[in-house]
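Each chain gets a letter, A, B and so on, in the order the sequences are listed, and its residues count up from 1.
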Protein chains: 2
Amino acid sequence: MGAPTGTGNQGRTLDRALDVLECLERARGPLRLSEIARESDLHLATTQRTVNQLVRRGYIQQDGLGYSLGPVILSLAHAFVVNDRLSTVATPILTELSASTGLTSSLFVRSGPERILVARVDGVDPLRYQFPIGRRVPLDLGGGKVLLAHDDDAELDAYLADLPDARLADGRVQTPADLRAELDRIRETGYHLAESERELGALSLTRPVPGHDGGAAAAINLVTTAETTTPEELLALLPEISRAAGAIGARI
Amino acid sequence: MGAPTGTGNQGRTLDRALDVLECLERARGPLRLSEIARESDLHLATTQRTVNQLVRRGYIQQDGLGYSLGPVILSLAHAFVVNDRLSTVATPILTELSASTGLTSSLFVRSGPERILVARVDGVDPLRYQFPIGRRVPLDLGGGKVLLAHDDDAELDAYLADLPDARLADGRVQTPADLRAELDRIRETGYHLAESERELGALSLTRPVPGHDGGAAAAINLVTTAETTTPEELLALLPEISRAAGAIGARI
DNA sequence: CACCTTCTATCATTCAGTGATAGTTACTAT
DNA sequence: ATAGTAACTATCACTGAATGATAGAAGGTG
């Protein structure tokens with residue numbers, strides 16, 4: 001409690017404020033001041049000052065039940081969607097991809113140990129499981145793997161070091177070693193076909209979006225269900241999705 | 001430049017960071033470090049530290065052209081949309097309202113001297129002018145007036161004091177005195193019918209959403225165009241929109 | 001090769017953030 | 001009513017983190 005935040009103590013104030021915001025992001029409902037303090041591991045007084053300041057600015061709102069994120073967040077998000085180069089470039093290409101394949105397509109980018117869905121275009125048969133824009137999910141399941149595959153070995157080892165076993169949606173258990181093997185395969189083939197990893201019955205085919213530096217900060221995928229599509233049928237769309245990924249990469 | 005930020009100097013660090021974010025929100029493209037420093041009136045070194053920290057956290061991203069908002073913003077926005085009581089309560093009611101009237105309906109909340117569009121449900125004939133979710137607009141034009149009307153006189157006078165004349169979309173000029181008179185009318189009638197204020201040819205009918213405290217932090221409106229609807233026809237929907245506003249107010 | 005811009009790194013100073021504590025308000029239970 | 005509890009606010013001395021002036025590295029341009 002009394003100990004330093006842990007990161008290394010520099011730029012403390014701002015980091016703490018962002019911790020507070022992200023603590024409210026994770027919350028499933030309004031949080032009390034004391035709950036925020038506990039969750040973010042801050043002194044109550046510090047929490048109070050920070051929260052009040054964010055309230056004043058509209059980043060947090062308060063009601064009788066506690067504090068939650070405020071509407072100003074939406075303004076920022078709007079500005080992001082309108083301005084983001086990747087997002088604006090990708091949307092028409094994804095639209096085309098979804099039109100020609102009939103499947104839902106989406107674009108996500110890496111953010112630390114997670115990926116964030118940045119854009120999505122629905123297919124003709126809407127998926128029962130709607131993956132919402134802005135959603136954060138870990139990298140070790142589904143399409144996130146193609147982003148991991150582009151890490152160099154040092155980063156990868158660091159990531160895998162303290163990674164717990166993952167339980168896939170169909171019950172399989174994925175150990176870090178399993179993941180490592182799969183990433184090696186992805187490094188060779190350049191794509192990933194996921195079956196029931198994040199969601200039971202979901203199939204996805206993912207390709208990285210090449211950046212100038214050779215890395216892949218983004219990826220796109222096509223999603224469908226095992227009921228309507230076989231893995232082979234989905235894999236047959238590899239040329240299409242690859243073309244789209246290339247087109248996006250070329251324009252950023 | 002060297003002078004204090006202006007607010008009164010407390011909670012400086014965080015305020016400055018938010019200034020940086022909002023400066024990027026207003027920007028129409030990537031900004032260089034020096035531009036951010038100039039826009040937010042900060043020392044370059046301070047700007048650098050702040051920006052780098054926000055980059056590390058994913059709130060800002062950097063490309064060859066400069067800095068812009070980052071994808072983590074989207075995550076926060078997603079959490080807001082999912083959790084926000086007002087937003088989730090209002091959406092189904094707006095859906096019903098749009099279904100029964102055939103018009104686009106929307107919900108916005110106040111944020112300082114502006115309002116922010118929080119939810120929108122499109123009508124049968126989609127408007128050519130799409131008002132995007134998260135968009136910030138001033139309070140002195142269109143539906144924002146019903147929010148202003150709920151301020152007490154002291155707040156109102158302060159607001160009107162340094163308000164410049166506004167130019168409506170159809171060319172009319174609205175002085176603070178005009179606005180004041182209109183707000184008095186709204187206080188009596190409880191609604192506002194706007195014609196070509198923000199957008200030429202647009203008609204909107206706005207009602208406040210009553211809060212527990214008697215105030216109105218939110219409002220909903222119906223939007224259409226002069227081509228398809230007369231003011232009288234729109235005004236005839238007042239009972240409908242009032243019912244919807246009441247229903248939302250009752251559930252928060 | 002000199003020039004300019006962008007961004008990064010360093011460091012002494014000092015002032016803003018910190019956190020312990022006390023106070024206020026409001027609600028619940030008895 | 002009265003005590004008790006929880007949520008939030010306010011105060012203030014201390015100190016260490018943010019500050020900003022300056023110098024430096026990296027990258028491009030005429």
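Rounded to whole Å, the distance from CZ on A/Arg12 to P on C/dC15 is 19 Å. Nucleotide C/dT5 holds its C1' atom 14 Å from the CG atom of B/Leu65, rounded to whole Å. Rounded to an integer number of Å, the gap from CD of B/Gln10 to C1' of D/dA18 is 15 Å.
A distance-only check finds no donor-acceptor pair linking the side chain of A/His43 to the backbone of A/Gln48 [under 3.5 Å]. For A/Gln53 (side chain) and B/Gly11 (main-chain N/O), a donor-acceptor pair under 3.5 Å exists by modelled atom type. Judged by distance alone, with hydrogens and angles left aside, the side-chain atoms of B/Ser40 form no donor-acceptor pair with the main-chain N or O of B/Ala37 at under 3.5 Å.
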Return all side-chain donor-acceptor pairs below 3.5 angstrom for residues 68-78 of chain B, not counting sequence neighbours, or 'none' if the list is empty.
unit_1: B/Ser75; atom_1: OG; unit_2: A/Gly134; atom_2: O; d: 3.3
unit_1: B/Ser75; atom_1: OG; unit_2: A/Arg136; atom_2: NE; d: 3.4

For residues 138-151 of chain A, please give each side-chain donor-acceptor pair under 3.5 Å, one per line with the distance, not counting sequence neighbours.
unit_1: A/Lys145; atom_1: NZ; unit_2: A/Glu182; atom_2: OE1; d: 2.9
unit_1: A/Lys145; atom_1: NZ; unit_2: A/Glu197; atom_2: OE1; d: 2.9
unit_1: A/Lys145; atom_1: NZ; unit_2: A/Glu197; atom_2: OE2; d: 3.2
unit_1: A/His150; atom_1: ND1; unit_2: A/Val146; atom_2: O; d: 3.0
unit_1: A/Asp151; atom_1: OD1; unit_2: A/Arg110; atom_2: NH1; d: 2.7
unit_1: A/Asp151; atom_1: OD2; unit_2: A/Arg110; atom_2: NH1; d: 3.1
unit_1: A/Asp151; atom_1: OD2; unit_2: A/Arg110; atom_2: NH2; d: 3.2

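Of the listed nucleotides (C/dC7, D/dG20, C/dA16), C/dA16 has the atom at the smallest distance from the side chain of B/Thr13.
For the pair A/Leu160 and A/Leu163, the minimum side-chain heavy-atom distance is below 4.5 Å. Counting heavy atoms from C-beta on, the side chains of A/Glu25 and B/Asn83 never come closer than 4.5 Å. No side-chain heavy atom of B/Val118 sits under 4.5 Å from any side-chain heavy atom of B/Leu86. Within the 4.5 Å cutoff, the side chain of A/Asp157 has heavy atoms near those of the A/Arg180 side chain.
Residues from residues 29-36 of chain A that place a heavy atom under 4.0 Å from any atom of DNA chain D, listed by number: A/Arg32, A/Leu33, A/Ser34. Taking every heavy atom of residues 43-64 of chain B and every atom of DNA chain D, pairs under 4.0 Å involve B/His43, B/Ala45, B/Thr46, B/Arg49, by number.
Contact between the side-chain N/O atoms of A/Arg16 and the OP1/OP2 oxygens of C/dT18 is found at a separation under 4.0 Å.
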Test log, rule side chain to side chain contact (heavy atoms under 4.5 Å, CB included), inputs B/Leu54 and A/Leu18
CA-CA 9 Å; B/Leu54 289 168; A/Leu18 301 183; 4.0 Å; yes
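A rotation axis mapping the C1' atoms of four pairs onto the next four is fitted at both ends of the helix from C/dC1-D/dG30 to C/dT30-D/dA1 over five pairs, and the angle between these axes is 40° to 10 degrees.
Pairs passing the salt bridge (Lys or Arg N to Asp or Glu O under 4.0 Å) check and including a residue from residues 47-70 of chain B, sequence neighbours excluded, read A/Asp15-B/Arg57, A/Asp19-B/Arg57, A/Glu22-B/Arg57.
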